[in-house]
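Reading through the structure tokens given below for one structure.
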Amino acid sequence: MSEREPPDWALPSWDAIPADPTEPSGLRPVGPGVSNAPAAAPGTFGVRIMGVSEVTRSIRGAVRSDPRLSDLWVEGEIGRVTISSAGHAYFALKDERNQLQCVWFRDDRLRSAFEAQAGLRVVAHGRIDVFEPQGALQLYVESIQPAGLGDLTLRFEALKARLAAEGLFEVARKRPLPPRPATIAVITSPTGAVWKDICHVISRRWPLTRVVLVAAQVQGDSAPASLVGAFRKVERYAAAQIAAGRPDEAPAVTILARGGGSLEDLWAFNDEAVVRAVVAHSVPVVCGVGHEADVTLADFAADVRAPTPSAAAEVVVPDRAEFLAAVRTGGRRLDGAVTMRLRTTSREVVAERRALDRLSPVAQLATARERVGLALDRATRAISGELAGPRRRVEQLGVRLGPTLPGRLARDRVRLGRGDVLDGLAVRRVAIARSSVAAATAALGVLGPQATLDRGYAIVRRTDDGRIVRDPADAGPGTRLALRVAKGELPATADER
């Protein structure tokens with residue numbers, strides 16, 4: 001035995017066994033049928049070294065390939081519970097010897113009526129998987145329930161899983177409730193306190209709503225069929241009211257209600273037929289079954305789940321006090337908006353009135369008068385400025401002419417005195433000229449045609465052209481004539497000679 005070979009009882013060391021004892025160190029056969037795996041490093045024995053990610057992927061693949069681990073129920077005691085900021089719950093299920101890490105995501109946790117608490121013994125439903133970044137084997141919990149509930153709980157979870165897979169519990173199919181329904185249908189037992197509680201809550205919160213009772217059995221073997229029939233009665237009643245022209249009396253929302261009880265007492269609301277009737281109902285359904293801790297499949301199928309029947313009545317109608325407060329708040333806001341609008345409009349009206357005042361004839365005349373006044377003032381100042389210079393020159397000339405003016409006036413008076421003598425000469429000359437003109441006028445009067453006419457003569461003219469007739473040949477027979485005499489004209493017509 002060489003020094004490099006380990007004893008028979010020892011595990012081979014990492015650097016003691018060659019990859020192939022028949023091959024020299026560092027040599028690999030090449031050719032068809034020979035593996036192309038990388039050669040072992042010098043000093044190793046061909047052991048395959050795997051990375052951490054490869055190991056975790058192999059473990060995850062092995063876990064996921066096992067059908068027993070994809071859907072299982074695990075019973076154990078809950079250890080310390082941690083809730084993350086995103087709402088996910090992390091805890092461990094443990095027994096006397098081992099523990100299993102669990103993850104419960106927020107959406108699944110909120111749908112459950114049972115909350116994980118340290119020290120409780122529960123049955124968790126989910127799947128086993130590996131969280132690769134940490135290499136952690138975990139149970140991904142879908143739901144938990146207290147341990148020891150028996151076959152009903154298992155039936156509940158199995159039916160819940162099947163109906164959820166069909167999409168009956170999807171949030172997307174949930175319908176919104178009408179804000180102020182005129183008529184509400186209530187499916188419940190007429191003998192219990194639930195009906196009275198619902199009527200009391202609705203009359204207190206919103207008395208304008210009309211409530212229609214649809215009696216049904218809420219417990220026992222015949223309860224599922226009675227509940228399904230009640231939903232059908234509501235739909236037939238609504239159709240009849242709409243056909244009769246009274247749509248306001250048709251139920252706008254349906255309340256499915258029952259008081260609290262054990263799982264066996266509430267089992268009618270876990271019936272598949274009831275769940276499908278809730279989903280297929282023509283109007284939104286509010287489910288108020290049991291107390292806050294009680295959960296049924298009808299709660300998951302309903303459009304809205306209420307923790308109690310009284311809470312269901314509160315959900316479907318508004319609070320008149322809150323509505324009145326909202327109306328008053330809206331009124332105050334409306335008053336403020338109207339006041340603000342009126343102020344804005346008033347400012348706009350004032351601005352428009354000012355613009356109209358500026359464009360009115362009176363304002364235009366006042367503006368024109370003001371401009372004329374300013375122009376007149378400017379013209380007055382300009383004329384006064386223009387006249388000031390000549391006035392100063394006149395005053396200066398007056399000052400200069402003052403001493404010489406009396407002498408010049410005396411000389412002018414002497415000249416005027418001489419003019420009196422000339423006036424007599426001028427008068428005599430005018431008289432002589434007037435006598436000459438009168439003599440010439442008399443001579444002209446003797447020679448003028450009027451003097452001849454005054455002596456009895458006449459002037460003959462042709463009427464058509466006004467020419468004077470000097471020769472009888474110029475006026476043929478029938479020629480119209482005008483005879484001018486001293487006092488006027490006479491019409492005449494030339495006859496045959």
| request: Please identify each residue that fulfils salt bridge (Lys or Arg N to Asp or Glu O under 4.0 Å) with R175, with sequence neighbours left out. | output: D303
| message | Could you check whether E115 pairs with R109 (Lys NZ or Arg NE/NH1/NH2 to Asp/Glu carboxylate O, under 4.0 Å)? | response | yes
| task | Provide the closest heavy-atom pair for P284 versus A252 in the form atom of the first, atom of the second, distance. | result | CD-O, 3.6 Å
| query | Ignoring hydrogens and geometry, is there a side-chain-to-backbone donor-acceptor pair from S203 to P207 under 3.5 Å? | reply | no
| said: Within a 6.0 Å radius of atom CE on M340, are there more than 12 heavy atoms belonging to other residues, nucleotides or ligands? | reply: no
| note | The ring pair (Phe, Tyr, Trp, His ring centres under 6.0 Å) partners of F300 (sequence neighbours excluded) come to F169
| remark: Sequence neighbours excluded, the answer for side-chain hydrogen bond (donor to acceptor under 3.5 Å, both in side chains) partners of T296 is D299
| said: Would you compute the distance between atom NE2 of H291 and atom CG of L266 and round it to the nearest 0.5 angstrom? | reply: 9.0 Å
| field | Contact summary for A216 and L227, nearest pair of heavy atoms | value | CB-CD2, 3.9 Å
| said: As an exercise, state the distance from CZ of R127 to NE2 of H125, rounded to the nearest 0.5 Å. | reply: 11.0 Å
| field | Closest non-hydrogen atom pair, G261 against D265 | value | CA-OD2, 3.9 Å
| If you look at every heavy atom in R305 and D294, which pair is closest and at what distance? | NH2-O, 2.9 Å
| task | Assess the side chains of S310 and T308: does a donor N or O sit below 3.5 Å from an acceptor N or O? | result | no
| message | Does any part of the side chain of S189, heavy atoms only, come nearer than 4.5 Å to the side chain of Q217, both counted from C-beta? | response | no
| said: Please check: side-chain N/O of R64 versus main-chain N/O of D66, any donor-acceptor pairing under 3.5 Å? | reply: no
| task | Mind running side chain to side chain contact (heavy atoms under 4.5 Å, CB included) on L159 and R162 for me, showing each step along the way? | result | CA-CA 5 Å; L159 181 59; R162 182 164 60 84; 3.0 Å; yes
| Who pairs with D248 by side-chain hydrogen bond (donor to acceptor under 3.5 Å, both in side chains), at least two apart in sequence or on another chain? | none
| said: Please list all pairs meeting ring pair (Phe, Tyr, Trp, His ring centres under 6.0 Å) that have one or both residues in residues 195-232, counting only residues at least two apart or in different chains. | reply: W206-F323, F231-H281
| said: Within the supplied structure, the quantity of interest is the number of heavy atoms (other residues, nucleotides, ligands) at a distance under 6.0 Å from R121 CZ; does it exceed 12? | reply: yes
| R205 (side chain) donor-acceptor with V317 (main chain) under 3.5 angstrom | yes
| said: Walk me through whether T254 and I187 qualify under side chain to side chain contact (heavy atoms under 4.5 Å, CB included). | reply: CA-CA 7 Å; T254 298; I187 300 177; 3.8 Å; yes
| said: By the ring pair (Phe, Tyr, Trp, His ring centres under 6.0 Å) test, which pairs, at least two apart or in different chains, include something from residues 369-388? | reply: none
| message | Please enumerate all residues that pass salt bridge (Lys or Arg N to Asp or Glu O under 4.0 Å) together with E249, with sequence neighbours excluded. | response | R246
| query | Hey, does the side chain of T183 reach the backbone of P251 with a donor-acceptor pair shorter than 3.5 angstrom? | reply | no
| field | Crowding at NZ, K174 (>12 non-hydrogen neighbours, <6.0 Å) | value | yes
| task | Evaluate the criterion salt bridge (Lys or Arg N to Asp or Glu O under 4.0 Å) for residue pair R97 and D95; output intermediate values, then yes/no. | result | CA-CA 6 Å; R97 290 176 297 179; D95 56 15; 5.7 Å; no
| remark: In terms of heavy-atom contacts, A250 and I242 come closest through CB-CG1, 3.9 Å
| task | Decide yes or no on side chain to side chain contact (heavy atoms under 4.5 Å, CB included) for V286 and L256, but give the supporting numbers first. | result | CA-CA 6 Å; V286 177; L256 179 62; over 6 Å; no
| field | Q138 side chain to Y140 side chain, donor-acceptor N/O pair below 3.5 angstrom | value | yes
| Can you name the residues that form a salt bridge (Lys or Arg N to Asp or Glu O under 4.0 Å) with E132, not counting sequence neighbours? | R60
| request: Can you sort out the partners of R106 under salt bridge (Lys or Arg N to Asp or Glu O under 4.0 Å), two or more places apart, ordered by chain and number? | output: none
| said: Closer than 3.5 angstrom, by distance alone: can the side chain of R173 be matched with the main-chain N or O of A301 as a donor-acceptor pair? | reply: yes
| Taking NZ, NE, NH1 and NH2 as the nitrogens, is one of them in R276 or E166 under 4.0 Å from a carboxylate oxygen of the other? | yes
| query | Which value, rounded to the nearest 0.5 Å, describes the distance between R111 atom CZ and E142 atom CD? | reply | 9.0 Å
| task | Check whether any side-chain N or O of T209 sits under 3.5 Å from a backbone N or O of A182 as a donor-acceptor pair, and report yes or no. | result | no
| query | Do E54 and R48 sit within salt-bridge range, that is, some charged N less than 4.0 Å from a carboxylate O? | reply | yes
| field | I144 side, atom CD1; L120 side, atom CG - distance, nearest 0.5 Å | value | 8.0 Å
| field | Student check: side-chain heavy atoms of Q219 and R258 closer than 4.5 Å | value | yes
| Nearest-0.5 Å distance that lies between atom CD in Q145 and atom CD in E75 | 10.0 Å
| Ion pair R332/D335, N-O distance below 4.0 Å | no
| remark: So the side-chain hydrogen bond (donor to acceptor under 3.5 Å, both in side chains) pairs with at least one residue in residues 370-391 (sequence neighbours excluded) are none
| request: List the steps, then state whether side chain to side chain contact (heavy atoms under 4.5 Å, CB included) holds for V122 with L93. | output: CA-CA 9 Å; V122 298; L93 282 179; 3.9 Å; yes
| query | Which residues satisfy the side-chain hydrogen bond (donor to acceptor under 3.5 Å, both in side chains) test with S143, sequence neighbours excluded? | reply | E157
| Considering all heavy atoms, the nearest A257-T188 contact | O-OG1, 3.0 Å
| query | Quick one: side-chain hydrogen bond (donor to acceptor under 3.5 Å, both in side chains) pairs with a partner in residues 313-326, sequence neighbours left out? | reply | none
| note | Separation between CG (L297) and CG (N270), nearest 0.5 Å, reads 4.5 Å
